[in-house]
**Q** 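Here it is, the structure, as structure tokens.
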2 protein chains.
Amino acid sequence: MKALVLKKDGLRFEAGYPAPEPADGEALVRVRLAGICATDLELARGYMGFTGVPGHEFVGVVESGGEGLDGRRVVGEINCACGSCEYCGAGLGRHCPERSVLGIMGRDGAFAEYLALPRENLRTLPDGISDTEAVFLEPLAAACEILEQLDIGAEDSVLILGDGRLGLLVAQVLALRTTSLLAIGRHPGKLALLARRGIATATVAPARERFDVVVDCTGAADGLEKAMALVRPRGAIVLKTTVAGDRRLDLNRLVIDEVTLIGSRCGPFEPAMEALARGMVDTETLVSMIYPLEEGAEAFDHAREPGALKVLLKP
Amino acid sequence: MKALVLKKDGLRFEAGYPAPEPADGEALVRVRLAGICATDLELARGYMGFTGVPGHEFVGVVESGGEGLDGRRVVGEINCACGSCEYCGAGLGRHCPERSVLGIMGRDGAFAEYLALPRENLRTLPDGISDTEAVFLEPLAAACEILEQLDIGAEDSVLILGDGRLGLLVAQVLALRTTSLLAIGRHPGKLALLARRGIATATVAPARERFDVVVDCTGAADGLEKAMALVRPRGAIVLKTTVAGDRRLDLNRLVIDEVTLIGSRCGPFEPAMEALARGMVDTETLVSMIYPLEEGAEAFDHAREPGALKVLLKP
């Protein structure tokens, strides 16, 4: 099959990559559309030491092994849990220590014609959600995860740092809970997408204001340091950014101000799907370009550009 | 008056340092005993850029300006709040942005014959608490702060990293909530103090076990990295360590495992005083030595020794 393959020496297109062979309980899914996310760009820089087919944001059709799901249009939870450890037993399969993660850890991903996932990871899509919307469900679920971890109310002031792909989704999701929201980014064109939805934006952080909650969606190594300067004492920082390599920072402010720092990764698909189905979140304007798989390297270059929004791949 | 004074070129004893002049609402307190804490050692290394008289753990007698408190034996809350900002209004005076902090920020401290504190910061002591116990109330309150920030129950497994002065107090306080507690340190002699109270100890962290809560009391720059390796996914790390300068660390694990990191500083005196009065915490065995103020430099050197426990200064 056709696939984009990450090897030690870089990313390249292969026309004859072996198709995945689904294990017991797994379905084979034909990929219709896949999204490039910041994690994919980091993987290409060596993050996690991943080799194989990257890609974990996708929409596809079940080709075989889906039992009742064959032929259905699906998205998928990317963490493949063992199902029998204490984390799985506690409903925390996304943290199963034996897990593989689609296109990130121990399992080939979505930048290919086919992928394999456990049947129980698949979520069927209503017809009202288009492919270009559905491909945002995985990052939208990651945005919704913040609301699972932190009780944000209408009285809380929230600052979003970063107007990248994830930042724009996080801002829209958190705007459902509080109107005291400010999104800071570098790109007026991206911020305008939020402003059109009534969300306050700025290209420079306020000099004196401090926020109850700051979400670091910068994807940059210095994002956390900026967040620490903008959160109030006893406030919370949600850290969405992972970066290849170490960060160097002064954490004393965290101790002195008794700030809570919450690492946040993947989230639940159900609220994400509901938000999309009810039109509460706009993803249509977030697509920059769709590339064929053969032009994957160019697509990655495009996704790296500062002004780029979501770059999609079509097998 | 006699005082230990920290200047840009180091710490020295002065026999003729000016006594503090209490402002409106402040009392003058004659210091009976003061404790050297890790923060003092960091201040001497340049942390916070503090100059003046360090020292914030003390027991004393109100000399004047105490109104009903003159002649009473007291300890004191070290954060001196403005009383009128939004933090003070919300009962968070310890985080008042206009505050001074005794012996740490903008206010001379306890390594002297006299100190000045707002009357409302003073707490009178029952006769049942001795001076050598009372001098532990400030760090014991900092240990109790963890229970204010995090709901630790009998079913939670807790790991304490560091068998220094604060670590030994934290272990004793958290042992009041859970028996599933392990204290890790480098000094068998110190750990034996906990073992005598029925607390499990070890000099090496378990290879495979992961804990619901890990408290970093190492006072070392690499303590947080160790904590991240020992906390379970979705678990919590309490960070008590402040160090002069930056830390270099890989925070991706925090995001991937969705760990919550909680900065923790000063705490409430009331539960600390109750624990001490009821004999639930032992501090008597934690005193290494009492030095006269004139030998302050030697006392600091002693406090820096790896095996040292609490080193006290007597004006």
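Letters A, B, ... mirror the listed sequences (proteins, then strands); counts begin at 1.
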**Q** Between atom CD of Glu86(A) and atom CZ of Arg210(B), what is the distance when rounded to the nearest 0.5 Å?
**A** 11.5 Å
**Q** Is any residue of residues 251-258 of chain A within less than 4.5 Å of chain B by heavy atoms, and which ones?
**A** Leu251(A), Asn252(A), Leu254(A), Val255(A), Ile256(A), Asp257(A), Glu258(A)
**Q** Tell me if the CZ atom of Arg304(B) is crowded by more than 12 foreign heavy atoms within 6.0 Å.
**A** yes
**Q** Is any residue of residues 94-105 of chain A within less than 4.5 Å of chain B by heavy atoms, and which ones?
**A** Arg94(A), His95(A), Arg99(A)
**Q** Picking from Leu239(B), Ile237(B), Leu261(B), what satisfies side chain to side chain contact (heavy atoms under 4.5 Å, CB included) with Leu261(A)?
**A** Leu261(B)
**Q** For chain B, which residues of residues 38-52 of chain A have at least one non-hydrogen atom nearer than 4.5 Å to it?
**A** Tyr47(A), Met48(A)
**Q** Do you know which of Val243(B), Val259(B), Leu249(B), Thr260(B) has the most heavy-atom pairs with chain A at a distance under 4.5 angstrom?
**A** Leu249(B)
**Q** If I take atom OH from residue Tyr87(A) and atom CZ from residue Arg234(B), how far apart are they, to the nearest 0.5 angstrom?
**A** 11.5 Å
**Q** Would you please go through residues 139-155 of chain A and name the residues with a non-hydrogen atom below 4.5 Å from one of chain B, in numerical order?
**A** Glu145(A), Gln149(A)
**Q** So which part of Leu224(B) gets closer than 4.5 Å to some heavy atom of chain A, the side chain, the backbone, both or neither?
**A** side chain
